[in-house]
Amino acid sequence: MPGTIFVLNGPNLNLLGRRQPEIYGADTLADVERRCRAVLPEGCDLRMLQSNHEGALIDWIHEAREAAAGIVINPGAFTHTSIAILDALNAFDGPVIEVHISNVHKRESFRHHSYVSLRADGVIAGLGIEGYEAAVRRIGGLLAGG
Ligand code: DHK
């Protein structure tokens with residue numbers, strides 16, 4: 001089923017490739033976008049978005065209600081704090097896949113809880129930026145009915 005997939009990225013992910021590369025790797029968000037586009041399901045389009053501001057992410061999730069078929073989201077640290085992002089995602093009807101580049105469960109205990117997981121149809125952690133590709137593929141599968 002055709003449609004636009006929003007790939008939303010939260011705070012500090014604009015620094016991907018330069019920020020703590022031992023945790024987040026050397027690839028940039030532009031590399032993530034290229035790799036996601038390479039696995040884009042037939043008939044789908046992609047919008048890659050990043051903000052350091054919670055409200056901007058919420059506004060894009062609201063926009064997704066009309067403009068997106070599915071959402072891939074790495075909310076960054078808002079994963080662990082934002083009931084507002086959870087509420088916005090709960091107002092979106094399509095598939096949602098949550099991505100974390102690092103294995104959050106192997107890290108500090110404050111990273112072990114995710115509000116977004118209460119809504120996500122799937123959660124990927126610790127696959128590096130490959131997690132985004134897997135998420136885009138999975139959205140395609142869910143949109144196709146599986
Ligand atoms: C990215 C962040 O910025 C952290 O705040 C999260 C996540 C983990 C990631 O692994 O992609 O705790």
Side-chain angles (χ1 to χ4, degrees), residues 3-41 44-65 67-144 146:
T4 300
I5 300 172
F6 278 18
V7 182
L8 298 177
N9 293 277
N12 301 305
L13 288 162
N14 54 312
L15 296 181
L16 198 60
R18 289 176 288 154
R19 159 207 188 204
Q20 295 183 282
E22 69 285 3
I23 295 176
Y24 299 106
D27 292 308
T28 66
L29 215 50
D31 296 321
V32 173
E33 177 169 5
R34 238 187 320 277
R35 289 175 67 156
C36 286
R37 286 190 183 281
V39 297
L40 210 49
C44 282
D45 195 7
L46 182 141
R47 258 181 86 189
M48 189 77 175
L49 298 161
Q50 188 278 330
S51 179
N52 295 323
H53 305 281
E54 190 175 15
L57 293 162
I58 291 166
D59 286 345
W60 283 325
I61 296 166
H62 291 176
E63 190 182 334
R65 285 163 49 82
I71 294 176
V72 173
I73 184 164
N74 181 348
F78 291 144
T79 305
H80 320 295
T81 62
S82 182
I83 297 168
I85 288 178
L86 170 64
D87 285 348
L89 289 169
N90 278 331
F92 174 75
D93 288 334
V96 174
I97 304 291
E98 176 183 349
V99 173
H100 304 289
I101 296 165
S102 64
N103 180 0
V104 284
H105 301 289
K106 208 177 166 186
R107 300 180 64 191
E108 303 97 322
S109 59
F110 62 80
R111 296 184 203 276
H112 297 177
H113 177 262
S114 165
Y115 284 104
V116 170
S117 293
L118 291 167
R119 165 62 179 87
D121 298 293
V123 182
I124 298 167
L127 300 194
I129 67 165
E130 274 181 53
Y132 287 88
E133 295 171 73
V136 166
R137 282 206 179 93
R138 180 66 182 152
I139 294 272
L142 290 170
L143 291 175

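Residue numbers start at 1 and run along the sequence shown. Whatever order the structure lists them in is the order used to number ligands and atoms, beginning at 1.
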Open item on the list: So, regarding V99 and ligand 1 (criterion: nitrogen or oxygen to nitrogen or oxygen, under 3.5 Å), is there a contact or not?
Closed with: no

Open item on the list: Counting only heavy atoms closer than 4.0 Å, does ligand 1 sit against the backbone of N74, its side chain, both, or neither?
Closed with: side chain

TODO: Answer with yes or no whether F78 contacts ligand 1, where contact means a heavy atom under 4.0 Å from a ligand atom.
DONE: no

Open item on the list: Return the closest protein heavy atom for atom 10 (O) of ligand 1 as residue, atom name and distance.
Closed with: S102 OG, 2.6 Å

Open item on the list: Can you tell me which residue among I5, V7, L8 is in a side-chain contact (heavy atoms from CB on, under 4.5 Å) with M48?
Closed with: V7

Task: Value rounded to 0.5 Å, distance of CD in E33 from CD1 in I129 - done: 12.0 Å

Task: V104 contact mode with ligand 1 (heavy-atom cut-off under 4.0 Å) - done: side chain

- [ ] Indicate the ring-plane relationship of H105 and H112, choosing parallel, tilted or perpendicular according to the 30° and 60° boundaries.
- [x] tilted

TODO: Would you mind listing which atoms of ligand 1 come within a distance below 4.0 Å of any non-hydrogen atom of R19?
DONE: 2 (C), 3 (O)

Task: Numbering as shown, the atoms of ligand 1 that approach H80 to under 4.0 Å (heavy-atom distance) - done: 6 (C), 12 (O)

Task: Between CZ on residue F6 and CD1 on residue I73, distance to nearest 0.5 Å - done: 11.5 Å

Open item on the list: Working to the nearest 0.5 angstrom, can you tell me the gap between I101 CD1 and N9 CG?
Closed with: 7.5 Å

- [ ] Decide whether a cation-pi geometry holds between R35 and Y132; the criteria are a distance under 6.0 Å from NZ or CZ to the six-membered ring centre and an angle within 45° of the ring axis.
- [x] no

Task: ligand 1 contact on H100 by region, counting heavy-atom pairs under 4.0 Å - done: both

- [ ] Classify the contact between I101 and ligand 1 as side chain, backbone, both or neither, using a heavy-atom distance cut-off of under 4.0 Å.
- [x] both

Task: E54 side chain to N52 side chain, donor-acceptor N/O pair below 3.5 angstrom - done: no

